[in-house]
Protein chains: 2
Amino acid sequence: MQSDQKSRQRPTDLKKEQVMHDLLLRRLCQYVDLSSIEMTAIAKLVSGRPRHVAARCRLLQEGDALGSIFYLLNGWICAYKLLEDGRCQNLLFFLPGDLWGFSAPLNSRTAYALRTVKDAIVIDIPRDGFLEVIARHPGLTEAFRWSGLVTDEISRERVLSLGQRTAKERCAHMICEIFWRLRAVGEVDGTSMYFPCTQEEIGNTIGVSTVHANRMLQDLRAEKLICQHQQKLEILDLEGLQRLAYFDSDFLHLRSLDPPPAELRSFGKPLGLGPSRFSESDRADARRTVNA
Amino acid sequence: MQSDQKSRQRPTDLKKEQVMHDLLLRRLCQYVDLSSIEMTAIAKLVSGRPRHVAARCRLLQEGDALGSIFYLLNGWICAYKLLEDGRCQNLLFFLPGDLWGFSAPLNSRTAYALRTVKDAIVIDIPRDGFLEVIARHPGLTEAFRWSGLVTDEISRERVLSLGQRTAKERCAHMICEIFWRLRAVGEVDGTSMYFPCTQEEIGNTIGVSTVHANRMLQDLRAEKLICQHQQKLEILDLEGLQRLAYFDSDFLHLRSLDPPPAELRSFGKPLGLGPSRFSESDRADARRTVNA
DNA sequence: CGCAAGTTTGAATAGCCTCAAATCCGGTGG
DNA sequence: CCACCGGATTTGAGGCTATTCAAACTTGCG
């Protein structure tokens, strides 16, 4: 493993091999009940050597042949498309526990590029072996079918957003979507989450300019719906945020919405933000922003 | 069959049973080479009794359980999503030869509603039987996997459109997309096609108001890129239209771009527009609009 | 002929963009 | 410790794009 010595603040280190597949299992169990045999099979599949990828690194380019499947352990990865004149549209964020590349036909090529948003940890999985194992287990087949469906639903919901929702609604909707997705794999801390997107990235996602994304975020903060500090985002009023965005979590097909078991709450805590850094001062900061 | 007597102008009548699967076969053969056994299997699947559906009829509602798969023989069907306050976003048009409902997991529900745009002819296919047949034939499995991929790609391209393209570009892009899709199944006549969308529908598709959709279409006509008459749309300058829209047909994964065989050119010619109605006067009309 | 649906037009307004500059922040080097 | 640098965020002003509302017009159809 590539862990360095000063690992206290580096949650990207993998403490036990066991945790590597916890995120994925938790995701898949949202969709179907897996047998222990199937769980073991998954655990084996994702037991490869984790690979660190730096922030803002392109993993794949539009038109590339499909390589191996990858399993995202930590960090965010962004799928995006470009227009010839440079305009960039983000399609989808891959979050910890997400798997990429299992549903495309053989011999097809990616229709979009992939780039890390922040430092990420990825495990590469050989495509053939993966597909073969999945095909042997009906539960896994079904689980990944659902997983693919959710990706499609996110895409359709994004079409609805971009076509009909206002910029502020889109902004709120995006935050809700990511919150629920992270929550489903236990990657939130109560109502706050690691949110490493720049405002440019948010703009590219919701289809507005960076400047306007900034103003929409300011509005959401002014309305006490969210508050931000560094790369952490806290949802102050989830109900209000969802009402504003016309957000309904159904499209994510989440089943178990219970808080994750305590022993898993600490895993995957993102990049160097200790628990002490998000309390008093943040609130103060939020208030300051409101009054400005 | 439900054909009435005055059938001269009613292309919705089915002349021979044979043609019913031609569209579908042509679509699938875009993706893979099918064996004659597979072609026969498909022909059998879609040999059910055609059902006429009136214009603007809702076939399915958001949240409905999956019923049978349907095969669209004639007309357009539109998938759309609603916001609670009534805003409506069109996601995708199903065109003649398209099949709906083969890729969702069992027990899932539709995340969008379906409604006919114009009178349509549909064949219902029992889901279980269909999936079983497909699964037995590797070529068909592969073909439908590609077909599903194309749907996804259209969705992603729409995200790109709504997020980054201007209204005029989106309008042009939508026209190009439908032209290529219709052309792939032989449903175009040179550079003109049946285009039964109202401007409201176009607006709901490209994410602008009806009024603005109208103005964008006027622009395209003024620039001599398209010309419209009744429900027929002729592309006067495909190159120009595509350049304007940053359109690249790759995302549709079309393979055989040759003109379809002559004997099939006349089938499925849409609703009551004789060939004589689209010549002189239309050009004059287009010019008039430009000068206004 | 008259109705209903669809298209077109105009004017006022709201939403969003561009450009440009200022500020904030974390990290780096002195 | 401070100065500085670069990336990210914030602010302001002006302009373009798209919306809304309302009315007129066109067209297909009974």
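All values reported here derive from a predicted model rather than from experimental measurement. Below, chain A is the first sequence line, B the second, and so on; all start at residue 1.
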Residue-phosphate contact under 4.0 Å: [X] side-chain N/O, [N] OP1/OP2:
X: B/Gln230; N: D/dT27; result: no
X: B/Asn214; N: C/dT8; result: yes
X: B/Arg221; N: C/dT7; result: no
X: B/Arg56; N: C/dG6; result: yes

Look at the side chain of [X] and decide which nucleotide, out of [options], has an atom nearest to it.
X: A/Gln199; options: C/dT8, D/dT9, C/dC16; answer: D/dT9
X: B/Thr166; options: C/dC16, D/dC21, D/dA18; answer: D/dA18
X: A/His212; options: D/dT11, C/dG6, C/dC16; answer: C/dC16
X: A/Val211; options: D/dT9, C/dT18, C/dT7; answer: C/dT18
X: A/Thr198; options: C/dC17, D/dA8, C/dG6; answer: D/dA8

Could you give the [atom1]-to-[atom2] distance, from [X] to [N], as a whole number of Å?
X: B/Arg87; N: D/dT19; atom1: CZ; atom2: P; answer: 12 Å
X: B/Gln218; N: C/dT9; atom1: CD; atom2: C1'; answer: 8 Å
X: B/His229; N: C/dG6; atom1: NE2; atom2: P; answer: 18 Å
X: B/Lys168; N: D/dA18; atom1: NZ; atom2: P; answer: 10 Å
X: A/Glu200; N: D/dT10; atom1: CD; atom2: C1'; answer: 15 Å
X: B/Ile206; N: D/dT17; atom1: CD1; atom2: C1'; answer: 13 Å
X: A/Arg165; N: D/dA18; atom1: CZ; atom2: P; answer: 21 Å
X: A/Met216; N: D/dT9; atom1: CE; atom2: C1'; answer: 15 Å

What I want to check is whether an N or O donor and acceptor connect the side chain of A/Arg215 with the base of C/dG15 at under 3.5 Å. no
Below 4.0 angstrom, N of the basic side chain to O of the carboxylate: do B/Glu239 and B/Arg243 qualify? no
Hey, does A/Ser209 reach any base, or is it just sugar-phosphate, or nothing, if we go heavy atoms under 4.0 Å? base
Can you name the one residue among A/Leu241, A/Ile175, A/Leu238 that meets side chain to side chain contact (heavy atoms under 4.5 Å, CB included) with A/Leu225? A/Leu241
Atom of B/Ala111, atom of B/Glu62 and distance for their closest heavy-atom approach: O-CG, 3.3 Å
Closest contact, heavy atoms only, A/Ala245 versus A/Glu169: CB-O, 3.6 Å
Would you call the rings of B/Phe70 and B/Trp100 parallel, tilted or perpendicular, where under 30° means parallel and over 60° means perpendicular? parallel
